[in-house]
2 protein chains.
Amino acid sequence: MAGSPSYKERKVITIGVVSELTGLSERQIRYYEERKLIFPERSPKGNRKYSFLDVEQLMDIANKREEGVQTYEIRQEMLRKERKEAKLNRKELLRGEINARFGIQRE
Amino acid sequence: MAGSPSYKERKVITIGVVSELTGLSERQIRYYEERKLIFPERSPKGNRKYSFLDVEQLMDIANKREEGVQTYEIRQEMLRKERKEAKLNRKELLRGEINARFGIQRE
DNA sequence: CGTGTAAGGAATTCTGACACG
DNA sequence: CGTGTAAGGAATTCTGACACG
């Protein structure tokens, strides 16, 4: 259930459509990739493909940019969140291992 | 909740990607549109755009075609299902109207 | 730093048509 | 009927660069 192939995550949208959807220029979208804020996949011949999640993230980025936040700051914030999530994941993993070894005690 | 703008229904996928996703040729995909089995939207400049739902429907169509079902048959089946659903919708609508006028009787 | 733009080429998509069957 | 293909043109996308600031 956590790893289901959701429509939201499938990378299938071309840059032109992403531009329509977000109101950002293709130049901006490519630049945010260069700054490692967004990670499209590539089609066999090299065309960028984005997911709906990417589109949402781009809209968040656009909002922050309008508030004057620099791409570098946005990047740092992203990394902080990732580390926090990784921490939570390790915690859950540990809990799972403990359960696997000692079983569920109650009942 | 029935009319939420789901990712599954948003028409954002170009024909090339749909071709990759379904394994169908672009020729086939355009032909099924001509036969009224599929209804892409168009971008401002006329490029077809499909949804994930369209992609799934195309895979269903592909399966039926492999079984030898003709596009005309597939079309008829589609229309039958649509009429059936329209009937159910009218039924629910009626139920709603009755409730609105007479209220929920129990309690 | 963030974005626009012109440049040149390659890949995409579109339509209408001919072909085969 | 269903699909392939060649045709010609228009729109898309890509990269690297110059510009401004």
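What you see below is based on every heavy atom in this structure, not just the backbone, and it leaves out hydrogens, waters and symmetry mates. Just so it is clear: chains get the letters A, B, ... in the order the sequence lines come, proteins before strands, and each one is counted from 1. All figures in this text were calculated on a predicted structure; none of them were measured in a lab.
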Nearest to the E26(A) side chain among dT13(C), dT13(D), dC14(D), which nucleotide is it? dT13(D)
Would you mind telling me which residue lines up with the more 5' stretch of DNA chain C, S43(A) or Q70(A), judged by nearest nucleotide? Q70(A)
Separation of I15(B) atom CD1 from dT12(D) atom C1', in whole Å? 15 Å
Which donor-acceptor pairs under 3.5 Å do the side chains of residues 11-26 of chain A make with protein atoms, sequence neighbours left out?
residue	atom	partner	partner atom	Å
K11(A)	NZ	F39(A)	O	2.7
K11(A)	NZ	D54(A)	OD1	3.4
K11(A)	NZ	D54(A)	OD2	3.0
S19(A)	OG	L24(A)	O	2.6
E20(A)	OE1	K49(B)	NZ	3.2
T22(A)	OG1	V18(A)	O	2.8
T22(A)	OG1	L24(A)	N	3.1
S25(A)	OG	Q28(A)	N	3.1
S25(A)	OG	Q28(A)	OE1	3.4
E26(A)	OE1	R30(A)	NH2	3.1

R42(B) has a side chain; which of dC14(C), dT13(C), dG2(C) sits nearest to it? dC14(C)
Phosphate OP1/OP2 of dT13(D) contacted by T14(A) side-chain N/O (<4.0 Å): yes
Whole angstrom is fine here: how far is it from CD in E73(A) over to P in dG2(C)? 10 Å
Minimum-distance nucleotide (side-chain atoms of Q28(A) versus dT15(D), dT3(C), dT13(C)): dT3(C)
Look at the side-chain N and O atoms of R48(A) and state whether any lies under 4.0 Å from the OP1 or OP2 oxygen of dT13(D). no
Quickly work out the E20(B) CD to dT13(C) C1' distance and round it to whole Å. 14 Å
Atom-to-atom span, CD of E33(B) to P of dT3(D) - whole angstrom: 15 Å
Whole-Å distance separating the NZ atom of K49(A) from the P atom of dT13(D): 13 Å
I want to check one thing: is the phosphate of dT12(D), taken as OP1 and OP2, less than 4.0 Å away from some side-chain N or O of R30(A)? no
So which heavy atom on Q70(B) is nearest to which on R65(B), and how close? CA-NH1, 4.0 Å
Quick check for you: to the nearest 0.5 Å, what is the distance between D60(A) atom CG and L37(A) atom CG? 11.5 Å
For K8(A) and E56(A), what are the C-alpha separation, side-chain angles and deciding distance, and is it a salt bridge (Lys or Arg N to Asp or Glu O under 4.0 Å)? CA-CA 10 Å; K8(A) 187 168 178 178; E56(A) 290 183 12; 3.4 Å; yes
Give the dot-bracket string for DNA chain C, reading 5' to 3', where a pair is Watson-Crick or G-U wobble with both distances under 3.5 Å, ( ) marks pairs inside the strand, [ ] marks pairs crossing earlier ones, | marks a partner on another strand, and . marks unpaired. .||||.||.|.|.||.||||.
When the distance from CG of L37(A) to C1' of dG2(C) is rounded to whole Å, what number comes out? 12 Å
Quick test: give all pairs of protein nitrogen or oxygen and nucleotides 5-11 of chain C nitrogen or oxygen below 3.5 Å, distance rounded to 0.1 Å.
residue	atom	partner	partner atom	Å
dT5(C)	O4	R27(A)	NE	3.3

For a quick test of reading the model: is some side-chain N or O of Y72(A) closer than 4.0 Å to OP1 or OP2 of dG2(C)? no
What nucleotide, of dC14(D), dT13(C), dT3(C), holds the atom closest to the side chain of Y31(A)? dT3(C)
T71(A) side-chain N/O to dG2(C) phosphate OP1/OP2 under 4.0 Å: yes
Given dG2(C), is OP1 or OP2 found less than 4.0 Å from the side-chain N or O atoms of Y32(A)? no
Could you state the CD-P distance from E41(B) to dC14(C), rounded to the nearest angstrom? 14 Å
Taking only Lys NZ, Arg NE, NH1 and NH2, and the carboxylate oxygens of Asp or Glu, determine whether E77(A) and K64(A) approach each other closer than 4.0 Å. yes
The side chain of S25(B) lies closest to which of these nucleotides: dG2(D), dG4(D), dT13(C)? dG4(D)
Distance, nearest 0.5 Å, that separates CD1 of I61(B) from OH of Y32(B): 7.5 Å
Rounded to the nearest 0.5 Å, what separation is found between the CD atom of E67(B) and the CD1 atom of I74(B)? 9.0 Å
Within this structure, what is the CD1-CG distance for the pair I38(A) and L58(A), rounded to the nearest 0.5 Å? 4.0 Å
Whole angstroms only, please: what is the CD1-C1' distance between I29(A) and dC14(D)? 14 Å
Salt bridge flag under 4.0 Å for residues E33(B) and R42(B): yes
At their closest point, which heavy atom of Y7(A) faces which heavy atom of F52(A), and how far apart are they? O-CD1, 3.8 Å
